[in-house]
Amino acid sequence: MWPHCRGIWSIHLKIGIKGIRGIKGIRHATAVAVTTGAVLTAGAFGSQAQAATLPTPSITAAGGFVMNNGTGATLYGKAADTRRSTGSTTKIMTARVVLAQKNLNLDSKVTVQKAYSDYIVNNNWASSAHLIVGDQVTVRQLLYGLMLPSGCDAAYALADKFGTGSTRDARVKSFIGQMNATAKSLGMNNSHFDSFDGIGRGTNYSTPRDLTKLASNAMKFSTFRTVVGTKSTKQKVTTKSGGYRYMSWTNTNNLLGSYQGTIGVKTGSGPEAKYCLVFAATRNGKTVIGTVLASPSLDNRTADAKKLMDYAFKK
């Protein structure tokens, strides 16, 4: 019995003893199992070590926030709850209010008023969808004009259409009231809107966390997802004379087509806001969504957003 016992002892001690042939297979299998287990363990510890040492990105933006859109888990924050001017990222809320209207007909037509074009002329920082007075455009087309070229004239038209009141000023005020009521309902506790387009009167502000929360909610609307994920569009509109013309709009969000998986959302800029971007991307079934506010340049805001998404996808 001793040689047999000695063979078993050799298995446990992993001593290479040439002995009973029947035990060689067992000894080999045991060694492979032990080695494989060691590799798996090392791999697990390696992954944990990699996650633990993943460097936090440094961004030029004054504020930033990223979350996992599926779980709501915070992945990154920098001054995430500090109130700042938001520029045209405000238009996410404009679109959100429109899309939540009861019995919304996206194909209903709106006649472009002179007041909308005058507004562009009178505001130096107003970006334009170049709507032409007298043209009839649909609500859906106005949403493209709002979100792609960031048209303040399109924002004005939507506020005038969906606000209530007997005068244009009253309707605009009503619409902005809807924006603030929506912000409250979404738990955007550090946000306030005093304009339909982000060209505010000193009390138009939000935070990286709040804007991310807003964008996440807005992305639940299929029309919103379609619009903000569009790089460019050509829309046929009816002219005042009853003819038609084509309006071509290109998205100001240059992450579309330049960053893998980008699905939106909205740019913003202004003398106080500097350069802002609300962004979202999906890779391998994981969607991350976030915001950078007050980047010093257009290139910086793009680089900041890419850094934060790269980081978020690795988390």
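No experiment lies behind these values; they were computed from the predicted model shown.
- When atom types are taken as modelled, the side chain of Ser195 and the backbone of Gly198 share a donor-acceptor pair closer than 3.5 angstrom.
- Of the residues Ser117, Ser127, Ser128, the one that meets the side-chain hydrogen bond (donor to acceptor under 3.5 Å, both in side chains) test with Asp153 is Ser128.
- Between the side chain of Asn180 and the backbone N or O of Phe193, at least one donor-acceptor pair lies under 3.5 Å.
- Phe196 and Tyr119 have tilted rings, their planes meeting at an angle from 30° to 60° on a 0 to 90° scale.
- No side-chain donor-acceptor contact under 3.5 Å links Arg209 to the backbone of Phe65.
- Atom NZ of Lys307 has more than 12 neighbouring heavy atoms from other residues, nucleotides or ligands inside a 6.0 Å radius.
- Ser232 and Thr250 share no side-chain donor-acceptor pair at under 3.5 Å.
- For the residue pair Thr207 / Asp81, no side-chain donor-acceptor distance below 3.5 Å is found, with atom types taken as modelled.
- Put simply, the side chain of Arg96 does not reach to within 4.5 Å of the side chain of Phe224, judged on heavy atoms.
- For the residue pair Asp107 and Thr138, no side-chain donor N or O sits within less than 3.5 Å of a side-chain acceptor on the partner.
- No hydrogens or angles considered: nothing links the side chains of Thr86 and Ser206 as a donor-acceptor pair under 3.5 Å.
- Checking side-chain atoms of Lys78 against main-chain N and O of Ala61 turns up a donor-acceptor pair under 3.5 Å.
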Walk me through it: do Asp304 and Ser295 pass the test side-chain hydrogen bond (donor to acceptor under 3.5 Å, both in side chains)? CA-CA 8 Å; Asp304 285 343; Ser295 285; 2.8 Å; yes

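- In this structure, Ile289 and Phe279 have side chains that are not in contact, with every pair of non-hydrogen atoms separated by 4.5 Å or more.
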Using the side-chain hydrogen bond (donor to acceptor under 3.5 Å, both in side chains) rule, take Asp197 and Thr90 through it: C-alpha gap first, then chi angles, then the decisive distance, then the call. CA-CA 6 Å; Asp197 57 2; Thr90 296; over 6 Å; no

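- Connection of Val112 to Tyr244 is not established within any shared hydrophobic cluster, with ILVMFWY side chains joined at heavy-atom distances below 4.5 Å, either directly or through further cluster members.
- When atom types are taken as modelled, the side chain of Arg171 and the backbone of Gly165 share a donor-acceptor pair closer than 3.5 angstrom.
- With 3.5 Å as the limit, one finds a donor-acceptor pair spanning the side chains of Asp194 and Thr203.
- Judged by the 6.0 Å and 45° rule, Lys306 forms no cation-pi pair with Tyr259.
- Within a 6.0 Å sphere centred on NZ of Lys286, heavy atoms belonging to other residues, nucleotides or ligands number more than 12.
- A salt bridge does not link Lys240 with Asp135: none of the charged nitrogens is closer than 4.0 Å to a carboxylate oxygen.
- A side-chain N or O of Ser88 and one of Ser150 form a donor-acceptor pair less than 3.5 Å apart.
- How far CZ of Arg83 is from NE2 of His192: 10.0 Å, rounded to the nearest 0.5 Å.
- Remark: the Ser216 side chain and the Asn69 side chain contain an N/O donor-acceptor pair separated by less than 3.5 Å.
- Side chains of Ser108 and Asn105: no donor on one and acceptor on the other come within 3.5 Å.
- Side-chain contact between Ile263 and Val228 is absent, with no heavy atoms from C-beta onward closer than 4.5 Å.
- No option in Asp299, Asn300, Leu298 other than Asn300 meets the side-chain contact (heavy atoms from CB on, under 4.5 Å) test with Pro296.
- For the pair Gln235 (side chain) and Arg140 (backbone), a donor-acceptor distance under 3.5 Å is absent.
- Under a cut-off of 6.0 angstrom, the local environment of CD in Gln113 is crowded, with over 12 non-hydrogen atoms contributed by other residues, nucleotides or ligands.
- Side-chain atoms of Arg301 never come within 3.5 Å of backbone atoms of Tyr275 as a donor-acceptor pair (strictly under, hydrogens ignored).
- Looking at Asp160 and Tyr116, their side chains do bring a donor and an acceptor atom within 3.5 Å of each other.
- Here the side chain of Asn68 pairs a donor or acceptor atom with the backbone of Thr71 at under 3.5 angstrom.
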